[in-house]
Amino acid sequence: MKNIILTILALLVARHCAVYAQETKELNELVVIAGKKNHKKLLGTGMKISGGATSFTPDKTGYEVGSIIKTKHPFEIEEIMFGVLSNSIEGAILGVEIYSIENGFTKRLSQPLLYKIPNGEKLNIRIVPDSRIILEPGEYFVAIRFVDCSENSVRGYSESQQNYKERERMLLPLYIKNSYIRKGSSAELEKSKVNIGLKVKGIEYR
C-alpha cells in the first residue's frame, strides 16, 4: 500500500513539473524599463500639400520612402500611421521598415510590418505592432517599403502600348517636410523636400 501511495505522489509531482515547464516555455521575454513614461509623437507629417500626390507603380517594388529620426531616450513604438489616396495595383503590399543607421543600415525588425492595400479609394492605415518595438537612443530610418504586387500588374505595366492613365498605380499624399528615398536595399538615400505623411507614436522612457 505504501509503495502505491509513493507511486501516485511521484506521478502527481512529475505531472505538475511538466505543466509548469510547458507554461514557462510559452512566456514571452520580459523587458523592464525604469523611468517615467511620456506618450509622444516621434515622427510627424509636416504641412499637407493640397492636391499633391506621389505614386508607387508596379515597377517600383523594393522602393522605400521615409524619414530619419533621432531618439535621446528609449522609445517604444505603439502605432505607425500613413494614408493612401487610391490604389489600382493588384495584390499591392506595403511594409514598414526600421533601420539603425549609425553604423550602416541594420534592420531593427526581423520582418517588415506588412499591410495589404485593397483596390479602391482613400484609406487611412494604422499599424499596431504585434510585439514590442523599443528603440534605444540613436539614429534610425523609418520607411514605407513597396514590398510586392501581382505578376499581372508588373507585366501589364511594362507593356509599351498601355496608356499612362490606364496604368496601375498607388497614390499617396504629399506633405512639406524632408524625407529620403531608397531605390532598393543596396541603394543610397536620396533626400527629398516632401514626404508621404508617415507618423510614429509611442512611449518615451526617461
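Worth saying up front: this structure is predicted, and the values here are computed from it rather than measured.
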Open item on the list: For L135 and I77: C-alpha separation, side-chain torsions, deciding distance, then whether side chain to side chain contact (heavy atoms under 4.5 Å, CB included) applies.
Closed with: CA-CA 8 Å; L135 304 181; I77 294 177; 4.0 Å; yes
Task: Heavy atoms of other groups near E102 CD, more than 12 under 6.0 Å - done: yes
Task: Polar contact flag, side-chain donor to acceptor under 3.5 angstrom, Y205-E76 - done: yes
Task: Verdict with reasoning, T71 to Y140, per side chain to side chain contact (heavy atoms under 4.5 Å, CB included) - done: CA-CA 8 Å; T71 57; Y140 300 88; 3.6 Å; yes
Open item on the list: Check whether F141 forms a cation-pi arrangement with R108 (NZ or CZ under 6.0 Å from the six-membered ring centre, at most 45° off the ring normal).
Closed with: no
Open item on the list: Looking at K199, I'd like to know if its NZ atom is crowded, meaning that more than 12 non-hydrogen atoms belonging to other residues, nucleotides or ligands lie closer than 6.0 Å.
Closed with: no
TODO: Drop me the distance from L42's CG to K70's NZ, to the nearest 0.5 angstrom.
DONE: 13.0 Å
- [ ] Give the intermediate values and the outcome of side chain to side chain contact (heavy atoms under 4.5 Å, CB included) for residues N178 and S67.
- [x] CA-CA 7 Å; N178 288 341; S67 297; over 6 Å; no
Open item on the list: So for atom CD, which belongs to E79, do other residues, nucleotides or ligands contribute more than 12 heavy atoms lying within a distance under 6.0 Å?
Closed with: yes
Open item on the list: With a 4.5 Å cut-off on side-chain heavy atoms, are L198 and I80 touching?
Closed with: yes
Task: Single-linkage hydrophobic cluster M170~V147, side-chain heavy atoms < 4.5 angstrom - done: no
Open item on the list: We want to know whether E168 and S88 form a side-chain donor-acceptor pair, criterion being a heavy-atom distance below 3.5 angstrom.
Closed with: no
Open item on the list: For I176, is there any backbone N or O sitting under 3.5 Å from a side-chain donor or acceptor partner on N195?
Closed with: no
Open item on the list: Using side-chain heavy atoms (C-beta onward) and a distance below 4.5 Å, is L189 in contact with I68?
Closed with: yes
Open item on the list: Hydrophobic cluster membership, with links at side-chain heavy-atom distances under 4.5 Å among I/L/V/M/F/W/Y: are L113 and I125 in one?
Closed with: yes
- [ ] Tell me yes or no: between the side chains of S150 and N152, is some donor less than 3.5 Å from an acceptor?
- [x] no
- [ ] State the CD1-NE2 distance between I203 and H73, to the nearest 0.5 angstrom.
- [x] 15.0 Å
Open item on the list: Could you tell me if the side chain of V96 sits less than 4.5 Å from the side chain of P112, heavy atoms only?
Closed with: no
Open item on the list: Hydrogens and angles aside, do Y99 and E64 bring a side-chain donor and acceptor to less than 3.5 Å of each other?
Closed with: yes
TODO: List the atom of T57, the atom of F146, and the distance in Å for their closest heavy-atom pair.
DONE: O-CE2, 3.1 Å
Task: Main-chain N/O of E204 paired with K37 side-chain donor or acceptor, under 3.5 Å - done: no
- [ ] Flag yes if Y175 and V84 sit in one hydrophobic cluster, no otherwise; membership is Ile, Leu, Val, Met, Phe, Trp, Tyr, and two members link when side-chain heavy atoms are under 4.5 Å apart.
- [x] no
Task: Closest approach of D148 to T61 (non-hydrogen atoms, all atoms of both residues) - done: CA-CG2, 4.1 Å
TODO: Check the hydrophobic clustering (I, L, V, M, F, W, Y; side-chain heavy atoms under 4.5 Å; chains of links allowed) and say if I93 and I98 are grouped together.
DONE: no
Open item on the list: Just so I know, are the side chains of N124 and F82 near enough to count as touching, which here means a heavy-atom distance under 4.5 Å?
Closed with: no
Task: Between CG on residue L43 and CE on residue M81, distance to nearest 0.5 Å - done: 9.5 Å
- [ ] Please round to the nearest 0.5 Å and tell me the distance separating atom NZ of K177 and atom OG of S192.
- [x] 13.0 Å
Open item on the list: Would you compute the distance between atom CD1 of I196 and atom CG of L172 and round it to the nearest 0.5 angstrom?
Closed with: 5.0 Å
- [ ] For residues G52 and L85, report the shortest heavy-atom separation together with the two atoms involved.
- [x] O-CD1, 4.1 Å
TODO: Kindly indicate, with the supporting measurements, whether the criterion side chain to side chain contact (heavy atoms under 4.5 Å, CB included) is fulfilled by I49 and V194.
DONE: CA-CA 9 Å; I49 301 174; V194 294; 3.8 Å; yes
TODO: Evaluate the side-chain proximity of N38 to F75: yes if any heavy-atom separation is below 4.5 Å, no if none is.
DONE: no
TODO: Tell me whether V200 is reachable from I133 by hopping between hydrophobic residues (I, L, V, M, F, W, Y) whose side-chain heavy atoms are closer than 4.5 Å.
DONE: yes
TODO: Can you measure from CD1 (I117) to CD (E90) and round to the nearest 0.5 angstrom?
DONE: 14.5 Å
TODO: Tell me whether the guanidinium CZ or amine NZ of R182 lies under 6.0 angstrom from the six-membered ring centre of F105 and within 45° of its axis.
DONE: yes
Open item on the list: For I89 versus N119, what's the shortest heavy-atom pair and its separation?
Closed with: O-OD1, 3.2 Å
Open item on the list: Distance to the ring centre below 6.0 angstrom and angle to the axis at most 45 degrees; does that hold for K60 and Y63?
Closed with: yes
Open item on the list: For the backbone of P118 and the side chain of N87, can you confirm whether one donor and one acceptor N or O come within less than 3.5 Å of each other?
Closed with: yes
Open item on the list: Do Y180 and V65 make a side-chain contact, defined as non-hydrogen atoms from C-beta onward lying under 4.5 Å apart?
Closed with: no
